[in-house]
Protein chains: 2
Amino acid sequence: MTEGAPRNTRQRTAVSALLAEVEGFHSAQDLHAMLRQRGERVGLTTVYRTLQGLADAGEIDVMRPPGGEHLYRRCSEGHHHHLVCRRCGRTVEVAGPAVERWAGRVAAEHGYVEVSHTLEIFGTCPACAG
Amino acid sequence: MTEGAPRNTRQRTAVSALLAEVEGFHSAQDLHAMLRQRGERVGLTTVYRTLQGLADAGEIDVMRPPGGEHLYRRCSEGHHHHLVCRRCGRTVEVAGPAVERWAGRVAAEHGYVEVSHTLEIFGTCPACAG
DNA sequence: GCGTTTTTGACAATCATTGTCAATCGCGCG
DNA sequence: CGCGCGATTGACAATGATTGTCAAAAACGC
């Protein structure tokens, strides 16, 4: 009774499929617009809800860049962070076991438990800096 | 022409003074309410602008917790990160030279320049976990 | 003091996100 | 195979933090 598997609906499938194709981060509104262009009829509200669900399930990553809108992206599995180009948005996934350990250790030193963290690296990519 | 030092106004002073006294992170609206209670007459708009100015000047730190509002805090100088209690908001400043170096190195490996980063650690503090 | 320029602040505007709730659809059961 | 219940959808309103506006007030140099 703890779990309810979400139903398999046309809309959910459409959002998932779209995320599998596009690259980089996109806002909910962005994705909604793409779906409409494809002829898929999906409400904006549903896109938001579906994305939240996928994010909760850990199937996609959410980023909150300065500017206020949430960006979603289908990422590889496992815990990792992002190196994002400020200019063009090009994203590289980076893993940093050392950082994970460091964060855990620092938190433990202060007696904090149930630790999680957020980490984003911003920079200008070679192409944009050129 | 390049620089305009901000003028010294009653309102700016009030906001600065308040930030010097309170501990932990507070939202703009929060700070605005406190100022009113003290009898200081400051507009909400001004509080926002002043905080932005202070943040740009690097005199205060901004955090964007999940939940949407910006939180401001007067912090010690220099680059550091925060370990925040999810429950009560208790905050510890932590410095992690190793992490800084790691972030820079990772970015450099991918050719990214002008690197910056954000890092927040969330957990439950000893008091709340008790 | 005096004038110029910045700052202020009440209010409207913006805009992403969330809430609402009746209509619809998926899915398992009979 | 068709029914019915409950989850899901989606159009629309509501929310709420932040930003824009612009006339009035204050600050600073002289």
Side-chain angles (χ1 to χ4, degrees), chain A residues 1-19 24-57 59-73 89 118, chain B residues 1-19 24-57 59-73 89 118:
Chain A
M1 12 138 28
T2 50
E3 300 264 310
R7 284 186 185 173
N8 212 6
T9 66
R10 175 177 55 79
Q11 293 86 345
R12 182 171 294 266
T13 306
V15 172
S16 258
L18 179 59
L19 280 169
F25 283 93
H26 294 276
S27 69
Q29 321 235 3
D30 216 357
L31 295 166
H32 176 240
M34 292 187 214
L35 286 172
R36 300 223 124 191
Q37 280 188 345
R38 292 182 163 210
E40 298 279 359
R41 238 140 207 302
V42 184
L44 178 57
T45 309
T46 303
V47 174
Y48 272 106
R49 271 189 303 228
T50 304
L51 288 172
Q52 271 178 8
L54 290 172
D56 286 349
E59 294 189 36
I60 60 177
D61 280 4
V62 193
M63 192 175 45
R64 298 169 108 284
E69 12 169 29
H70 295 188
L71 300 182
Y72 301 89
R73 187 193 187 196
T118 66
Chain B
M1 322 68 270
T2 49
E3 297 265 312
R7 284 186 184 174
N8 212 7
T9 66
R10 175 176 55 80
Q11 293 86 344
R12 181 171 294 265
T13 305
V15 172
S16 259
L18 179 59
L19 280 169
F25 283 92
H26 295 275
S27 69
Q29 321 235 4
D30 216 356
L31 294 166
H32 176 241
M34 291 188 216
L35 286 172
R36 299 224 125 192
Q37 281 188 345
R38 291 183 164 208
E40 297 280 359
R41 242 143 202 300
V42 184
L44 178 57
T45 309
T46 303
V47 173
Y48 272 106
R49 269 188 306 230
T50 304
L51 288 172
Q52 270 178 10
L54 290 172
D56 286 347
E59 295 189 36
I60 60 177
D61 279 5
V62 193
M63 191 175 46
R64 298 170 106 286
E69 10 168 32
H70 295 189
L71 300 182
Y72 301 89
R73 186 192 187 197
T118 65

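So you know, we letter chains A, B, ... as the sequences are listed, proteins then strands, and number each from 1.
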Check nucleotides 19-25 of chain D for protein N or O atoms closer than 3.5 Å to its own N or O atoms and list the pairs.
{"residue": "dT19(D)", "atom": "OP1", "partner": "Gln52(B)", "partner atom": "NE2", "Å": "3.2"}
{"residue": "dT19(D)", "atom": "OP2", "partner": "Gln52(B)", "partner atom": "NE2", "Å": "2.5"}

Given side chains that start at C-beta, do those of [X] and [Y] come closer than 4.5 Å, heavy atoms only?
X	Y	result
Glu40(A)	Met34(A)	no
Thr46(B)	Arg49(B)	yes
Leu19(B)	Leu54(B)	yes
Gln29(B)	Tyr48(B)	yes
Val62(A)	Leu51(A)	no

| message | Please confirm whether the shortest side-chain N or O distance from Gln29(B) to OP1 or OP2 of dG16(D) is below 4.0 Å. | response | no
| OP1 or OP2 of dG9(C) less than 4.0 angstrom from a side-chain nitrogen or oxygen of Gln11(B), does that happen here? | yes
Leu51(B) atom CG is separated from dT7(C) atom C1', nearest whole Å, by 15 Å
Which pairs, protein N/O on one side and nucleotides 28-30 of chain D N/O on the other, fall under 3.5 Å?
{"residue": "dC28(D)", "atom": "OP1", "partner": "Asn8(B)", "partner atom": "N", "Å": "3.2"}

Output for pair (Arg73(B) CZ, Asp61(B) CG), nearest 0.5 Å, gives 8.0 Å
Nearest-nucleotide 5' precedence on DNA chain D, Ala28(B) against Arg12(A)
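First, find each residue's nearest nucleotide; the 5'-ward one identifies Arg12(A).
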Could you check whether atom CZ of Arg38(A) has more than 12 heavy atoms from other residues, nucleotides or ligands sitting under 6.0 Å from it? yes
